[in-house]
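Here, residue 1 is the first one in the sequence, and each next residue gets the next number. Predicted, not measured: the structure shown is a model, and the values here were computed from it.
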Amino acid sequence: MNSKEKMKKNVIRLVALALALLIIIGLFATFAKSPNTGFDYSKGLTDKGFFKDVKAQECVTLPDYKSYTMPKDKTVATEEEFVEQINAIKANFTTQEKDVDTNRAVVDGDVVNIDYVGKIDGKEFEGGSTQGKGSDVKIGTKDFIPGFLEQIVGHKPSETFDINVKFPEDYHMEDLKGKDAVFTITVNHYYKDIVPEITDEFVEKNLGNFYKTVAELEVGLKDKIIQSKTKNYVWDKLMKETEVTTYPESVMNYEKEYSKEYIEKSAMQYGMTTEDFVKLIGVESVDRYLESMNDEIKQTVKAYITVQAICEKDGIEVTDEDIVEYFKEFYGTEDYKPFENVYGKPYLKLSVLREKMIDTIIKDMKVVETPVE
């Protein structure tokens, strides 16, 4: 029960994230080692990373981006933003260990290890038991059916007790829909967080590809914050003010195949067929899934042709040195050959084009006082 619900939620998050962005930092690293579906990322792209036979400038009406100015507040990293990034690093490297304290009662937000046995009309049902293997759960999440985790609050390790729940009418397992169930719960133990201290040793050990000391980390993070704010400002403004007049069929087809390939690889990683995978997220077929994602696909195509149109207009091209810098910045390595072997250089250039285009616009922008809202 728990694993299927969590899988469904994770799948929806992955799909939404992947299709919401033009360039997905981390997608290379995630899929470079994943099963091969035979999709050719560079098919239909020129050596420049442009879409073949597409004159992007004829497909969009671009705003006067050369007159853009940068609000002053976008060029400064605030202390709150810096602390937020430090806390994100701490959270990413926080580990958990078994808490030996058995006197404290479980509270909302705790991560606890439990065993449970579920029964309907006094009989155990398939998937309703941990079979004594234990399951880690976080109190307050929505990974279980309503009312399940909430009833663990207040109990202590080694306690065994019954809870009463009702499966939702739209539950994914037909024979459990709307059924009343009794779960016998045993709280085995809870966990405590081990939050790292940001020291020179920690930085070199865990972030050594980017920084060596806390001082370098501070400078680097503040630079990243400013880069992110300025790039997001320009990109959001471009996407808001650019008007698409024609969605090139070849680019639409490319993105549909790309989306389909993403689903196929995700299904393979979960050990499922593609059809079963899309059913898990509530769609009856891959074709219906692509139809349901049409607006998102068009947004991505808009991003592709906006970037290409500006690069066509201003003669912006990606060099091998640009690719090296891109992978050095985002992945901490100058060797992009393993990625080129999977994706092809045209696709790598397509990915870098957006960054170089935005950097080119920012370079000529004047900083002005932030307008009052």
Side-chain angles (χ1 to χ4, degrees), residues 1-45 51-52 54 59 127 141-145 167-177 235 239 244 246-308 342-344 346-347 350-351 354:
M1 178 190 65
N2 180 36
S3 61
K4 289 182 179 179
E5 287 294 304
K6 291 177 72 174
M7 181 187 294
K8 180 176 181 180
K9 294 175 183 293
N10 289 337
V11 167
I12 293 172
R13 291 192 196 104
L14 282 171
V15 173
L17 175 63
L19 296 178
L21 302 175
L22 168 64
I23 302 300
I24 307 164
I25 301 305
L27 179 60
F28 288 131
T30 300
F31 277 175
K33 298 180 181 180
S34 62
N36 184 18
T37 64
F39 180 77
D40 186 348
Y41 293 87
S42 289
K43 185 178 180 180
L45 302 178
F51 285 92
K52 290 180 179 178
V54 173
C59 301
T141 62
K142 304 300 181 182
D143 291 335
F144 283 77
I145 57 179
F167 283 92
E169 295 293 341
D170 60 350
Y171 196 68
H172 67 277
M173 296 179 67
E174 189 67 32
D175 56 343
L176 297 180
K177 289 182 177 181
W235 182 246
M239 292 303 291
V244 179
T246 304
Y247 287 93
E249 184 178 359
S250 61
V251 187
M252 287 291 292
N253 289 337
Y254 177 91
E255 185 58 23
K256 287 177 182 178
E257 289 300 314
Y258 185 103
S259 302
K260 182 179 178 182
E261 186 266 354
Y262 186 89
I263 287 292
E264 289 174 351
K265 278 200 170 185
S266 299
M268 293 170 72
Q269 289 178 337
Y270 278 100
M272 303 172 65
T273 66
T274 307
E275 292 296 332
D276 286 343
F277 186 81
V278 294
K279 288 178 182 177
L280 183 65
I281 57 177
V283 187
E284 61 188 50
S285 68
V286 175
D287 288 340
R288 284 295 180 89
Y289 164 75
L290 293 175
E291 289 175 10
S292 71
M293 296 303 297
N294 190 61
D295 289 343
E296 287 80 1
I297 289 172
K298 290 179 75 173
Q299 276 296 107
T300 304
V301 171
K302 177 181 179 179
Y304 280 140
I305 58 177
T306 299
V307 171
Q308 183 171 321
V342 175
Y343 300 98
Y347 183 80
L350 171 68
S351 303
R354 173 182 178 272

Contact check, side chains of Val307 and Trp235, non-hydrogen atoms, under 4.5 Å: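 They are in contact (side-chain heavy atoms under 4.5 Å apart), so the answer is yes.
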Sub-4.5 Å side-chain heavy-atom contact between Gln299 and Glu296: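 Gln299 does not reach Glu296 side chain to side chain.
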Which residues pass the side-chain contact (heavy atoms from CB on, under 4.5 Å) test with [X], sequence neighbours left out?
| X | result |
| --- | --- |
| Thr274 | Ile263, Glu264, Ala267, Val286 |
| Asp40 | Ser42, Lys43 |
| Lys298 | Tyr247, Met252, Asn294 |

Residues in salt bridge (Lys or Arg N to Asp or Glu O under 4.0 Å) contact with Glu174, at least two apart in sequence or another chain: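 If we apply the salt bridge (Lys or Arg N to Asp or Glu O under 4.0 Å) test to Glu174, skipping adjacent residues, the hits are Lys177.
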Residues which pass salt bridge (Lys or Arg N to Asp or Glu O under 4.0 Å) with Glu284, listed by chain and number, not counting sequence neighbours: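 Glu284 satisfies salt bridge (Lys or Arg N to Asp or Glu O under 4.0 Å) with Arg288 only.
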Between atom [atom1] of [X] and atom [atom2] of [Y], what is the distance when rounded to the nearest 0.5 Å?
| X | Y | atom1 | atom2 | result |
| --- | --- | --- | --- | --- |
| Tyr254 | Lys52 | OH | NZ | 11.5 Å |
| Glu257 | Leu290 | CD | CG | 8.0 Å |
| Ser351 | Tyr41 | OG | OH | 10.5 Å |
| Thr300 | Ile305 | OG1 | CD1 | 11.5 Å |
| Leu176 | Phe167 | CG | CZ | 4.5 Å |

Inter- and intrachain pairs under salt bridge (Lys or Arg N to Asp or Glu O under 4.0 Å), touching residues 271-283, at least two apart: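 Not a single pair qualifies under salt bridge (Lys or Arg N to Asp or Glu O under 4.0 Å).
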Worked verdict on Lys256 versus Lys260 for side-chain contact (heavy atoms from CB on, under 4.5 Å): CA-CA 6 Å; Lys256 287 177 182 178; Lys260 182 179 178 182; over 6 Å; no
Mutual orientation of the aromatic rings belonging to Phe39 and Tyr258 [parallel < 30°, tilted 30-60°, perpendicular > 60°]: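 Taking Tyr258 first and then Phe39, their aromatic rings stand perpendicular (interplane angle over 60°).
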Nearest heavy-atom neighbours spanning Met239 and Lys302: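 Scanning both residues completely, I find the closest heavy atoms to be O-NZ, 2.6 Å.
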Worked verdict on Tyr304 versus Leu350 for side-chain contact (heavy atoms from CB on, under 4.5 Å): CA-CA 8 Å; Tyr304 280 140; Leu350 171 68; 3.8 Å; yes
Donor-acceptor contact present, side-chain Gln308 to main-chain Phe51, <3.5 Å: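 Yes: the side chain of Gln308 pairs with the backbone of Phe51.
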